Amino acid sequence: MPAGTLITVAPTGAETAKADVPALPVSVEEIVAAARSCEAVGASVVHLHVRDGQARPTLDLGHVGELVAAVREATALVVQLSSGGAVTDPLPERVAVLEAAPDAASLTLGTVNFGDDVFSNPWGLIVELHTQMQARGIVPEYEVFDLGQLATLARLLDRHGLPHGGHVHVDLVMGVPGGMPGTTAALAACVAEVRSTLPAGTTFAATGVGRTSLPVMLAALSAGGHLRVGMEDTLTYAPGEPVRDNTQLVARAAGLAQIAQRPPLTPDQARTLLGIAPAGGAGTGTTPSPTDTGGAP
Ligand code: KMH
Ligand code: ZN
């Protein structure tokens with residue numbers, strides 16, 4: 001079991017309208033305030049989606065750069081930008097967010113139905129994001145919505161080498177309508193695949209969307225995994241009880257991590273785990289090198 005738990009907060013996705021959920025942080029000020037508050041109760045990484053002045057999701061580089069700078073200024077959190085954006089975003093714009101030079105960025109390993117929509121992640125986009133992150137010194141978090149996407153990750157590493165920093169970290173996104181279910185059995189299947197096909201030392205986190213948040217958290221902790229929570233994924237705290245704010249979700253995750261005797265990692269500890277340079281310091285990354293992933297095609 002790892003000694004501590006990395007807790008990522010995803011405060012604002014691209015799907016929920018501010019008008020429907022007034023507590024959702026959307027402005028730079030609101031997202032910074034949420035990030036600070038979540039850091040205080042145990043988050044070490046923040047996964048960022050950006051909104052414009054009308055609270056609409058945007059990949060505009062001016063807005064993206066402004067939010068990255070503001071969160072960096074106000075917190076020590078690892079800043080992880082979403083390269084997933086919204087289902088309607090053009091693929092080249094999802095790659096271009098890397099120009100904002102975050103510490104880390106998400107990278108989804110395959111196309112998946114996403115409710116009534118399709119979240120498009122063709123192989124060419126996956127390779128482009130992976131190789132651009134290697135070149136720019138950005139650490140990927142590999143987002144996995146279904147078991148087969150772990151085989152795609154093994155193939156990616158086999159053909160294009162390890163990510164910047166040399167450490168592989170996966171986030172299992174569970175319970176999306178169209179992806180794998182948020183169950184202990186599905187998590188266990190993914191963990192077995194991670195252990196048998198990905199480089200030794202690969203770490204994983206899990207995210208349970210909607211009502212799967214709590215069972216996925218408990219299953220992940222029991223399997224030695226890390227956690228991602230936040231209003232991007234969960235808007236109901238308990239049956240009939242809306243989430244008050246992101247801090248409430250991080251505090252619950254941190255409490256469960258404490259009970260599991262794997263307390264939350266600090267942002268500095270998270271950087272060490274993920275192979276990210278100390279805040280404001282020189283790079284810790286290693287040169288990407290091919291790895292034997294055990295017979296990926
Ligand atoms: N908004 C979803 C379509 C990510 O951030 O990388 C994709 C998503 C994944 O949220
Ligand atoms: Zn996201």
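What you see is a predicted model, and the numbers here were worked out from it, not measured in a lab. Side-chain atoms are counted along with the backbone in the values below, which use heavy atoms only and exclude waters and symmetry mates.
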By ring-ring contact (aromatic ring centres under 6.0 Å, His included), which residues pair with Phe119, not counting sequence neighbours?
Phe114, Phe145
Going by side-chain heavy atoms closer than 4.5 Å, which hydrophobic residues are tied to Leu61, directly or by a chain of links?
none
How far apart are the closest heavy atoms of Ala104 and Val78, and which atoms are they?
CB-CG1, 4.4 Å
In this structure, OG1 of Thr16 is separated from CG of Leu24 (nearest 0.5 Å) by 6.0 Å
Should Val46 and Leu249 be regarded as members of a common hydrophobic cluster, given that ILVMFWY residues are connected when their side-chain heavy atoms come within less than 4.5 Å of each other, either directly or indirectly?
yes
What ring-ring contact (aromatic ring centres under 6.0 Å, His included) pairs are there with at least one residue in residues 13-50, not counting sequence neighbours?
His47-His49
Sequence neighbours excluded, the answer for salt bridge (Lys or Arg N to Asp or Glu O under 4.0 Å) partners of Asp103 is Arg72, Arg271
Residues pairing under salt bridge (charged side-chain N to carboxylate O under 4.0 Å, His left out) where one sits in residues 202-216, two or more places apart or in two chains, turn out to be none
Residue Glu241 excluded, over 12 heavy atoms near CD under 6.0 Å:
yes
Main chain of Met231, side chain of Asn246: is a donor-acceptor contact present, judged purely on distance under 3.5 Å?
yes
Any salt bridge (charged side-chain N to carboxylate O under 4.0 Å, His left out) pairs touching residues 8-35, not counting sequence neighbours?
Lys18-Glu30
Taking the side chain as C-beta and beyond, is there a heavy-atom pair between Val32 and Glu73 under 4.5 Å?
no
First locate atom CG of Leu172, then atom OG1 of Thr207, and finally report the distance between them rounded to the nearest 0.5 Å.
8.0 Å
For residues 179-192, which residue pairs pass the side chain to side chain donor-acceptor pair (under 3.5 Å) check, not counting sequence neighbours?
none
Is a side-chain donor or acceptor of Asp245 paired with a backbone partner of Gln248 at a separation under 3.5 angstrom?
yes
Heavy-atom closest contact (Gly42 atom, Ile7 atom, distance)
O-CB, 3.7 Å
For Ile31 and Pro11, work out which heavy atoms get closest and say how close.
CG2-CG, 4.5 Å
Would the distance check show the side chain of Thr236 and the main-chain N or O of Pro239 forming a donor-acceptor pair, the cut-off being under 3.5 Å?
no
Could you check if a side-chain atom of Asp89 sits within less than 4.5 angstrom of a side-chain atom of Pro57, using non-hydrogen atoms only?
no
Over all heavy atoms of both residues, which pair between Met174 and Ala186 is shortest? Give the atoms and the distance, please.
CE-CB, 3.7 Å
Minimum heavy-atom distance between Val64 and Thr58, given as atom pair plus value:
CG2-O, 4.4 Å
Check the angle between the aromatic planes of Trp123 and His160 and answer parallel, tilted or perpendicular using the 30° and 60° thresholds.
tilted
Mind checking whether Thr111 and Val118 have side chains closer than 4.5 Å, heavy atoms only?
yes
Does any N or O in the side chain of Gln269 come within less than 3.5 Å of the main-chain N or O of Thr266, such that one atom is a donor and the other an acceptor?
yes
Would you list the pairs meeting salt bridge (charged side-chain N to carboxylate O under 4.0 Å, His left out) in which at least one residue belongs to residues 39-64, sequence neighbours left out?
Asp52-Arg56
Mind checking the CG-CE spacing from Leu256 to Met217? Nearest 0.5 Å is all I need.
5.5 Å
Any non-hydrogen side-chain atom of Thr108 less than 4.5 Å from a side-chain atom of Gln149?
yes
Same cluster or not: Val243 versus Leu214, using hydrophobic residues (I, L, V, M, F, W, Y) connected whenever any side-chain heavy atoms lie under 4.5 Å apart?
yes
Between Val144 and Met180, does a side chain to side chain contact (heavy atoms under 4.5 Å, CB included) hold up when you go through it step by step?
CA-CA 9 Å; Val144 167; Met180 64 181 148; 4.2 Å; yes
Non-neighbouring partners of Ser120 that pass side-chain hydrogen bond (donor to acceptor under 3.5 Å, both in side chains), sequence neighbours left out:
none
pair Leu218-Pro215: side-chain heavy atoms closer than 4.5 Å:
no
Roughly how far, to the nearest 0.5 Å, is CZ of Arg228 from CG of Asp233?
4.0 Å
Would you find a donor on one side and an acceptor on the other, under 3.5 Å apart, between the side chain of Arg136 and the backbone of Pro102?
no
Do Leu129 and Val95 have side chains that approach each other closer than 4.5 Å (heavy atoms only, starting at C-beta)?
yes
When you group the ILVMFWY residues by side-chain heavy-atom contacts below 4.5 Å and let the links chain together, are Val176 and Phe204 in the same group?
no
Please determine whether residues Val127 and Val168 belong to a single hydrophobic cluster, defined as Ile, Leu, Val, Met, Phe, Trp and Tyr linked transitively by side-chain heavy-atom distances below 4.5 Å.
yes
Nearest heavy-atom approach of Arg262 to Thr5 is O-OG1, 2.6 Å
Can you tell me which residue pairs pass the ring-ring contact (aromatic ring centres under 6.0 Å, His included) test with a partner in residues 9-35, sequence neighbours excluded?
none
Donor-acceptor check, side chain of Ser83 to backbone of Ser106, threshold 3.5 angstrom: yes or no?
yes
Single-linkage hydrophobic cluster Leu162~Leu150, side-chain heavy atoms < 4.5 angstrom
yes
Donor-acceptor contact below 3.5 Å, side chain Asn121 vs main chain Gly110
yes
Under the salt bridge (charged side-chain N to carboxylate O under 4.0 Å, His left out) definition, can you give me all pairs with a residue in residues 113-129, not counting sequence neighbours?
none
Do the side chains of Val50 and Leu59 get nearer than 4.5 Å, heavy atoms only?
no
Would you sort out whether Ile138 and His164 count as a side chain to side chain contact (heavy atoms under 4.5 Å, CB included), showing the intermediate values?
CA-CA 6 Å; Ile138 297 169; His164 176 76; over 6 Å; no
Taking side-chain hydrogen bond (donor to acceptor under 3.5 Å, both in side chains) as the definition, give me every residue that meets it alongside Ser37, ordered by chain and number, with sequence neighbours left out.
Thr247
From Thr131 OG1 over to Arg159 CZ, what is the distance, rounded to the nearest 0.5 angstrom?
14.0 Å
Kindly say whether His169 contributes a backbone atom to a donor-acceptor pair with the side chain of Thr203 at under 3.5 angstrom?
no
Quick one: are Leu153 and Leu157 in side-chain contact, heavy atoms under 4.5 Å?
yes
Interatomic distance, OG1@Thr152 vs CD1@Ile126, rounded to 0.5 Å, equals 6.0 Å
Between Arg252 (side chain only) and Val229 (backbone N and O only), is there a donor and an acceptor less than 3.5 Å apart?
no
